[in-house]
Amino acid sequence: CCPWHFRTLILSVCGPKIVCMFEDVPLDLDEDGEVDIANVSTAELARSVVVTHQAHQAAGCRMLILAAAWADAHPRMRPVLNEAGQPCPGGDRGRTFGADSNPEASEFCPVEFGALQATSTAAAALVIGDALDFRHRLPLIWHRVIAGEVAPSKAREVAQATRQLSDDAAALVDRGIVKHLATLPWTRLLLVLSSLVIEADPQAAEQRARAAERDRFVRAGQANAEGLKLLIAQANAGDVIT
């Protein structure tokens with residue numbers, strides 16, 4: 001067996017720098033590459049689960065920090081003009097990632113960022129947009145991200161849920177949700193987040209409700225040889241349940 005180390009990454013802020021510290025938790029692997037639980041107590045195994053979870057969470061937070069830094073390192077390029085003074089085709093036109101109030105970056109910014117993570121350009125652009133939303137619109141959550149104290153998936157849900165809100169309305173949600181990110185399970189968190197978004201901008205919530213109302217429909221397909229007909233509907237949840 002060979003020793004295998006779980007590492008927990010703890011991020012802390014020291015001025016403009018991010019300080020990283022690691023704590024090793026040695027575990028033995030058997031010849032098949034699995035944890036040899038015969039030599040590991042339940043307490044040690046539980047601690048390793050906690051440490052691995054912390055490392056996974058901290059790594060996700062660090063990727064968000066890197067996404068914001070990547071956007072900073074790739075500002076909008078000055079367009080190359082042709083003889084007529086018009087931008088040349090294929091040139092960088094710049095793009096806003098995340099909320100409209102975020103600063104522009106190069107429209108090609110997510111291409112290499114996605115390739116470096118073996119993911120799509122669209123997925124990379126979404127990470128960059130979420131990170132910029134934290135830094136410019138959700139400062140309390142951004143502070144928790146920098147400290148590695150929040151699950152990235154929960155934080156990103158807030159960024160995407162507040163994307164259409166004004167900066168002031170997003171700040172209201174930021175103050176209301178930040179204390180719940182580390183304590184509430186997904187379902188409860190989504191309920192609290194939804195209520196905060198409505199409270200932050202009731203008029204926009206009413207408009208979304210009207211738009212959803214217009215999206216209700218019922219469609220029926222042709223009957224088959226057995227006399228069965230496919231029915232597809234989108235309706236209010238209460239109507240569907242009853």
Side-chain angles (χ1 to χ4, degrees), residues 7-22 54-81 87-175 177-178 181-182 193 197 200:
R7 289 189 167 186
T8 179
L9 170 62
I10 305 173
L11 300 177
S12 61
V13 181
C14 181
K17 298 181 179 180
I18 301 170
V19 180
C20 304
M21 297 176 290
F22 294 92
Q54 291 173 341
H56 177 73
Q57 175 172 293
C61 289
R62 184 166 178 79
M63 185 59 71
L64 288 167
I65 296 169
L66 292 172
W70 189 265
D72 295 340
H74 296 78
R76 176 181 178 178
M77 302 290 290
R78 179 174 297 180
V80 178
L81 304 180
C88 294
D92 185 5
R93 295 172 296 179
R95 176 180 168 186
T96 300
F97 296 93
D100 292 339
S101 59
N102 289 339
E104 280 191 338
S106 168
E107 66 174 328
F108 306 120
C109 176
V111 177
E112 188 176 3
F113 189 69
L116 291 170
Q117 303 173 68
T119 190
S120 68
T121 299
L126 187 57
V127 174
I128 292 171
D130 291 346
L132 293 177
D133 277 4
F134 294 140
R135 192 175 67 183
H136 295 284
R137 290 160 46 86
L138 305 166
L140 298 180
I141 296 178
W142 179 238
H143 180 76
R144 300 290 295 275
V145 168
I146 291 175
E149 298 174 346
V150 63
S153 56
K154 290 183 177 180
R156 294 185 63 190
E157 186 72 23
V158 178
Q160 293 166 28
T162 57
R163 184 142 300 157
Q164 302 305 319
L165 298 178
S166 67
D167 288 356
D168 290 340
L172 290 175
V173 177
D174 184 34
R175 292 194 292 271
I177 199 69
V178 66
L181 287 177
L193 176 59
V197 169

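In what follows, residues are counted from 1 in the order of the sequence shown.
Between V158 and L193, the closest heavy-atom pair is CA-CD2, 4.0 Å. Nearest approach of A169 to A200, heavy atoms of both residues: O-CB, 3.5 Å. Closest of all the heavy-atom pairs between L64 and P152 is CD1-CB, 4.1 Å. Nearest heavy-atom pair across W142 and A131 is CZ3-O, 4.1 Å. Nearest heavy atoms, C109 versus A71: SG-CA, 3.9 Å. Here the shortest heavy-atom pairing between D133 and A99 reads OD1-N, 3.0 Å.
Note that CZ of F97 is 5.5 Å distant from CD1 of I128, once rounded to the nearest 0.5 Å. Taken to the nearest 0.5 Å, the CZ atom of R95 stands 13.5 Å off from the CZ atom of R76. Separating the CD atom in E107 from the OG1 atom in T96 is a distance of 11.5 Å, to the nearest 0.5 Å. Note that the CD atom of Q164 and the OG atom of S166 stand 11.5 Å from one another [nearest 0.5 Å].
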Query raised in the report: When you look at V127 and T119, which way does the side-chain contact (heavy atoms from CB on, under 4.5 Å) test go after all the steps?
Result: CA-CA 11 Å; V127 174; T119 190; over 6 Å; no
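Remark: of the listed residues D72, N102, I146, D72 is the sole one forming a side chain to side chain contact (heavy atoms under 4.5 Å, CB included) with R135.
R144 places no side-chain N or O within 3.5 Å of a backbone atom of A155 that could act as its donor or acceptor partner. Distance alone, capped at 3.5 Å, is enough to place a donor-acceptor pair between the D174 side chain and the I141 backbone. Checking side-chain atoms of R137 against main-chain N and O of L165 turns up a donor-acceptor pair under 3.5 Å. Q117 places a side-chain N or O within donor-acceptor distance of the main-chain N or O of F113, the cut-off being under 3.5 Å.
Within the structure, ring pair (Phe, Tyr, Trp, His ring centres under 6.0 Å) pairs that include any residue of residues 146-170 do not occur (at least two apart or interchain). Residues in residues 120-130 take part in these side chain to side chain donor-acceptor pair (under 3.5 Å) pairs, two or more places apart or across chains: D130-R156, D130-Q160, D130-R163.
Every ring-ring contact (aromatic ring centres under 6.0 Å, His included) that H74 has, sequence neighbours left out, goes to W70.
Inter-residue side-chain proximity for H136 and S101 is flagged as unmet; no heavy-atom pair is nearer than 4.5 Å.
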